[in-house]
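Structure first, then comments.
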Number of protein chains: 2
Amino acid sequence: MSSNCNLQLKNKNYTCTFEITIDLIGGKWKPVIIWHLGTKGTLRFNELKKLLPHITQKMLTQQLRELEADNLVLRKVYPQVPPKVEYSLTDLGHTLMPILSMMCSWGDDYYKQLKADLQQTMAESE
Amino acid sequence: MSSNCNLQLKNKNYTCTFEITIDLIGGKWKPVIIWHLGTKGTLRFNELKKLLPHITQKMLTQQLRELEADNLVLRKVYPQVPPKVEYSLTDLGHTLMPILSMMCSWGDDYYKQLKADLQQTMAESE
DNA sequence: CGGTATCCATTTGGATACTG
DNA sequence: CAGTATCCAAATGGATACCG
């Protein structure tokens, strides 16, 4: 079908290797989850939930399961009542931190620049 | 609502600056589009389309419009028949390349590692 | 050539209720 | 505490036809 290179992984096709990266850490929640685990270390389910005020329980569970399946996050269950589940980054997960860090500061710069431009525009219109 | 920091930009709310980055370059197509424009320079609509064999015309147009609105891509229309439209990265767009580059090589490593692990598993099962 | 417009299928995500 | 299950709404994306 494709004239480009075709990479296959887990029944999915990619035309470029960073489609793989996007697939693993793209989406609304995954980068933030990884970021929190990377900067704060091991976190329990509800601790994560508090750090992501807008996520629903369903989404958090779902995203964590996917991250686990992709070997980016480690899930440790303590067999006790009430249950205790801890999440942390795997070694592979940690290797993503430099990328996320760059994305974070880029977003920061973009935000500041846009705010500055807005101030500029408002000042000029006076 | 949110106990975290709350950033607002263009009627959207973010709790962290890299949600902004994700919003701008996340999704299935944008990174690849930016990547092609960054590595190959100016491209016409149909040249881009050939580089992304699976994208539909609608999606390509849509993504390019969004990238343009976010000041990452420059759209230059030549007023002639048949039409000629050229796309290129803005200065801001270029600042994304180091991030995309890292994502690309990370995806590359991940792919190679997984393939290597697979070979290993197959070898052991013999 | 470089698009729009329309329609429709799939995917994603949210609200709510329930559970070991 | 850390989830499942179910249902439903919204967003995303693809096929197709048409246009200046």
| task | Consider only side-chain N and O atoms of A:Asp117 and A:Gln113, and report whether a donor and an acceptor are under 3.5 Å apart. | result | yes
| When you measure from the side chain of A:Arg44, which nucleotide among D:dG3, C:dC1, D:dA2 comes out closest? | D:dA2
| For A:Arg44, does its backbone N or O pair with a side-chain atom of A:Lys49 as donor and acceptor, under 3.5 Å? | no
| message | Checking contacts here: which listed nucleotide (C:dA15, D:dC1, C:dT4) is nearest the side-chain heavy atoms of A:Asn46? | response | D:dC1
| query | So what does A:Tyr78 hit on the nucleic acid, given a heavy-atom distance under 4.0 Å: a base, only sugar-phosphate, or nothing? | reply | nothing
| So, B:Thr90 side chain and B:Gly93 main chain: donor-acceptor pair closer than 3.5 Å or not? | yes
| note | Between NZ of B:Lys28 and C1' of C:dT10 the distance, given in whole Å, is 11 Å
| query | Under 3.5 Å, is there a donor-acceptor pair between the side chain of B:Thr61 and the main chain of B:Gln57? | reply | yes
| Between C1' of C:dG2 and NZ of B:Lys50, the distance in whole Å | 13 Å
Can you give the donor-acceptor pairs under 3.5 Å from side chains of residues 72-86 of chain B to other protein atoms, not counting sequence neighbours?
| residue | atom | partner | partner atom | Å |
| --- | --- | --- | --- | --- |
| B:Arg75 | NE | B:Tyr87 | OH | 3.1 |
| B:Tyr78 | OH | B:Glu86 | OE1 | 2.9 |

| query | Nearest-Å distance, NZ (B:Lys84) to P (C:dG3)? | reply | 14 Å
| note | Between CD1 of B:Ile55 and C1' of D:dG14 the distance, given in whole Å, is 11 Å
| query | D:dG13 P sits how many Å from B:Leu52 CG, rounded? | reply | 13 Å
| remark: Judged by nearest nucleotide, the residue sitting upstream toward the 5' end of DNA chain D, A:Val85 or A:Lys58, is A:Val85
| request: Round to the nearest Å and state the distance from A:Gln57 atom CD to C:dG14 atom C1'. | output: 13 Å
| field | Between D:dA11 (C1') and A:Met59 (CE): distance, integer Å | value | 13 Å
| field | C:dG3 phosphate, OP1 or OP2, under 4.0 Å from B:Tyr87 side-chain N/O | value | yes
| request: For salt bridge (Lys or Arg N to Asp or Glu O under 4.0 Å), just list the numbers for B:Glu66 and B:Lys30, CA-CA rounded to whole Å, side-chain angles, deciding distance to a tenth of an Å, and then say yes or no. | output: CA-CA 9 Å; B:Glu66 291 180 16; B:Lys30 285 179 182 176; 2.7 Å; yes
| said: Based on the rotation axes of five pairs at each end, what angle does the helix from C:dC1-D:dG20 to C:dG20-D:dC1 bend through, to 10°? | reply: 50°
| Can you tell which of C:dG3, C:dT6, D:dA2 lies closest to the side chain of A:Pro83? | D:dA2
| said: Within residues 61-75 of chain B, which residues have any heavy atom lying less than 4.0 Å from an atom of DNA chain C? | reply: B:Thr61, B:Arg65, B:Arg75
| request: Mind checking A:Lys49 for me? I need base, sugar-phosphate or nothing, with any heavy atom below 4.0 Å counting as a touch. | output: nothing
| field | d(CG, A:Leu60; C1', C:dG14) in whole Å | value | 14 Å
| message | Less than 4.5 Å apart, side chain to side chain, heavy atoms only: is that true for B:Asp70 and A:Tyr110? | response | yes
| request: Give a yes or no on whether the backbone of B:Gly107 and the side-chain of A:Thr21 come within a donor-acceptor separation of less than 3.5 Å. | output: yes
